[in-house]
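For reference, the structure discussed in these notes is given below.
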Amino acid sequence: MNTSNHSPSTCSPAGETKVNISGSEALIRSLIAEGVDTMFGYPGGAIMPVFDALYDHKNDIKHILVRHEQGALHAAQGYARVSRKAGVALVTSGPGATNAITGITDAMMDSTPLVVISGQVVSGLLGSDAFQEADVIGITQPITKWAYQVRRAEEIPWAVSRAFYIANSGRPGPVVLDITKDAQINKIDYEYSKTSFLRSYIPFPEPEVENIKAAAELINRAKKPMALVGQGVILGNAEKELLAFLEKGDIPFGSTILGLSAIPSDHPLNGGMLGMHGNIAPNMNTNECDVLIAIGMRFDDRVTGNLNTYAKQAKIIHFDIDLAEMDKNVKTTVKVLGNAKETLPLVTGLIEERKHTEWIEKFRQYKETEFDCVIKAELFPENGGELKMGEVVNKVSEATGHKAVCVTDVGQHQMMATRYFKSTLPRSMVTSGGLGTMGFGLPAGIGAKYGAPHRTVCIFVGDGGLQMSIQEFGTILEYNVDVKIILLNNNYLGMVRQWQELFFDERYSETHLKNPDFVKIADAYGIKGRKVTERKELDGAIEEMLSHKGAYLLEAVVETKGMVYPMVPAGGSVTDILIGNGRKL
């Protein structure tokens, strides 16, 4: 979006009395006006006036002091993903802003609404390579919905209002406001008005009636319909509308990794997860269905595999709010543009009540095959062997009644968590999907606990990813954040090691990790911990973790060279499925 300077609106609500305040005070008041109750950040020279203003609003906004700016971004992401509100991060200029880049990119890839506020050197020094100056707008334009530099205090209320509207509306995403120090200090006559319209920005496109009818006609003629459920359903708050659509049409479905928890895991139409380490049934049936209905998903390469062999037999209907996703990767037959919450009921009203008993039976048969070939050995191993990641995840999920928020880092444990942690409530899966950011899990879990304080938050991490953000133990210590951290420790960068075993002749280059005593480190931060090496200890350790009031680290030492199956090799067809020991399905 355009980042050039604009004159802010001077409209103010009728009868409101203007007050003369600093730009920093105006920023804090504007955040409060947008309903912000929690934000995550780290102070520094160029943002100090804002932190000074924040000092007088401790009862209005809770600021969580993280231990690294990347942690602030991931925490804001976790908060946003479970709370249905934009996450807010506050950082200083230069390295503070550049440390936030990974989190901003992650949020852009996963359509997470964020408002990121960075300090900047005084406007008179811009472009002079001043101390801790960085071209934040130039860096962040490609990875945001909108990036804008505020150089005048008068622009702050206007910019904040616009930022929240852009971040939250349409397809959500991150917005950056880079505010010079003089804009923070100078005085303005403060007024605030929420943004509800921007010229040339159409976040909620009108559904096209002809396409709605065409989609319904295809579904009514289908003998083997299948739906692909993505995060767009969750972002659009369309879970109920989706369920009504699927049940009326008796349409089985698979979910992308970010679409998990839109529908309860045990729903009879739920075929499981799509993609590289997804379930056999939705992957195989993608190339057997006659109508493929994509809802709020973008046909990522980890879902489609080889596009030349992907669903060539099927008519494809694509529901999405973002026109840019239509035909980007997969050529569609019918495009249904708009928010799924609005478009799904329109189609549901036109489709016939159907029963696809024989077609759904194929999903059941594939589920049985996967249980026999993969799941049984992973979840119910014989007592003599090493602990397996899947069994630990499964036992934690069962112990929570499948009602917890599952937050993951990135790697083998992530795939095991998304496969075996079940959900009964929406917004229960928080993970880094598009960017695959190691170090995401711990700070995102902290943010998720603030976004859903009454829910149990279980953070699954690997020994590699945990050490990329382990400093956030300090945040847990400072604020006594009640999160349950499950470390699945195999002393390897497990996913890279798996690829080395399968595709690089077992040449394990730089993937083995010599690890510290994680329980001792946790103890130093006041986090209770326990290390489990034997299966007989596991149930008791999980019970102890969940009953403990406060943060807890459960380190489960799992098999060193465990593998995640099923697996579709990169570049392969979704039906080229490995099920273990070099065997293909």
Side-chain angles (χ1 to χ4, degrees), residues 80-86 110-113 145 164-173 194-220 222 225-251 253-256 258-264 267 269 291-299 315-328 330 332-354 425-427:
R81 295 272 284 273
V82 300
S83 70
R84 301 185 190 271
K85 297 172 66 176
D110 287 352
S111 301
T112 304
K145 285 187 73 177
F164 276 89
Y165 179 66
I166 293 171
N168 281 316
S169 60
R171 180 179 181 174
K194 287 194 176 186
T195 299
S196 60
F197 170 78
L198 292 175
R199 190 176 62 184
S200 79
Y201 174 54
I202 307 173
F204 304 108
E206 288 290 329
E208 297 179 358
V209 175
E210 291 305 313
N211 288 359
I212 296 291
K213 291 179 180 178
E217 288 173 5
L218 278 181
I219 294 168
N220 286 335
M226 176 178 163
L228 311 179
V229 174
Q231 190 188 203
V233 171
I234 297 170
L235 295 173
N237 303 321
E239 294 93 341
K240 291 181 181 178
E241 290 77 7
L242 171 67
L243 186 60
F245 167 76
L246 296 172
E247 289 184 339
K248 185 177 182 180
D250 201 31
I251 301 169
F253 70 95
S255 297
T256 68
L258 296 180
L260 294 170
S261 83
I263 302 292
H267 192 281
L269 292 173
V291 174
L292 190 65
I293 309 158
I295 308 170
M297 55 87 70
R298 58 188 179 87
F299 289 110
K315 302 289 186 182
I316 295 177
I317 302 168
H318 195 173
F319 288 75
D320 209 283
I321 200 168
D322 188 355
L323 183 61
E325 294 298 342
M326 304 289 191
D327 294 331
K328 186 177 79 174
V330 173
T332 55
T333 309
V334 177
K335 304 175 184 64
V336 182
L337 187 63
N339 187 341
K341 191 173 185 68
E342 182 179 354
T343 56
L344 279 171
L346 296 176
V347 176
T348 303
L350 297 177
I351 64 174
E352 302 165 358
E353 289 193 22
R354 301 285 295 277
L425 301 171
R427 293 185 179 252

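No experiment lies behind these values; they were computed from the predicted model shown.
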Derivation and outcome, side-chain contact (heavy atoms from CB on, under 4.5 Å), residues L235 and R171 = CA-CA 8 Å; L235 295 173; R171 180 179 181 174; 5.7 Å; no
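- Note that CG of N168 is 11.5 Å distant from OG1 of T195, once rounded to the nearest 0.5 Å.
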Mind running side-chain contact (heavy atoms from CB on, under 4.5 Å) on L243 and I263 for me, showing each step along the way?
-> CA-CA 7 Å; L243 186 60; I263 302 292; 3.9 Å; yes
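- Rounded to the nearest 0.5 Å, atoms OG1 (T112) and CZ (R81) are 4.5 Å apart.
- For the pair S261 (side chain) and R427 (backbone), a donor-acceptor distance under 3.5 Å is present.
- Residues A340 and P345 come closest through the heavy atom pair O-CD, 3.8 Å.
- Counting heavy atoms of neighbouring residues, nucleotides and ligands inside a 6.0 Å radius, atom CG of L425 exceeds 12 of them.
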Residues K328, H318; criterion side-chain contact (heavy atoms from CB on, under 4.5 Å); working and verdict | CA-CA 11 Å; K328 186 177 79 174; H318 195 173; over 6 Å; no
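- Atom CD of E208 has 12 or fewer heavy atoms from other residues, nucleotides or ligands within 6.0 Å.
- Rounding to the nearest 0.5 Å gives a distance of 5.5 Å between CD1 of I212 and OG1 of T343.
- With sequence neighbours excluded, the residues that form a side chain to side chain contact (heavy atoms under 4.5 Å, CB included) with L218 are R221, K315, I317, T333, V334.
- When each of I293, I295, L246 is tested with F253 by the rule side chain to side chain contact (heavy atoms under 4.5 Å, CB included), just one qualifies, namely L246.
- In this structure, the side chains of I234 and P426 stay at 4.5 Å or more apart for every pair of heavy atoms.
- Listed by first and then second residue, the salt bridge (Lys or Arg N to Asp or Glu O under 4.0 Å) pairs involving residues 334-353 are E241-K341, D327-K335 (not counting sequence neighbours).
- Remark: of the listed residues I316, T256, L292, L292 is the sole one forming a side chain to side chain contact (heavy atoms under 4.5 Å, CB included) with L228.
- Taking 4.5 Å as the limit, some side-chain heavy atom of P207 sits within range of a side-chain heavy atom of L346.
- Checking side-chain atoms of K145 against main-chain N and O of G173 turns up no donor-acceptor pair under 3.5 Å.
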What do the steps show when you test N211 against L337 for side-chain contact (heavy atoms from CB on, under 4.5 Å), and what is the final call?
-> CA-CA 9 Å; N211 288 359; L337 187 63; over 6 Å; no
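- Note that CD1 of I321 and OG of S169 are 8.5 Å apart. Values are rounded to the nearest 0.5 Å.
- With N220 contributing its side chain and L350 its backbone, the two residues share a donor-acceptor pair below 3.5 Å.
- For K240, the NZ atom counts as loosely surrounded, since its 6.0 Å shell holds 12 or fewer non-hydrogen atoms of other residues, nucleotides or ligands.
- Closest approach of Y201 to I166, counting heavy atoms only: OH-O, 3.6 Å.
- What you find for P203 and Y165 is that their closest heavy atoms are CG-OH, 3.6 Å.
- Between the CG atom of N339 and the CG atom of D320 there is a distance of 10.0 Å, given to the nearest 0.5 Å.
- Within the 4.5 Å cutoff, side-chain heavy atoms of I251 are placed close to those of I219.
- Side-chain atoms of R84 never come within 3.5 Å of backbone atoms of N237 as a donor-acceptor pair (strictly under, hydrogens ignored).
- Between L344 atom CG and F319 atom CZ the span is 5.0 Å, to the nearest 0.5 Å.
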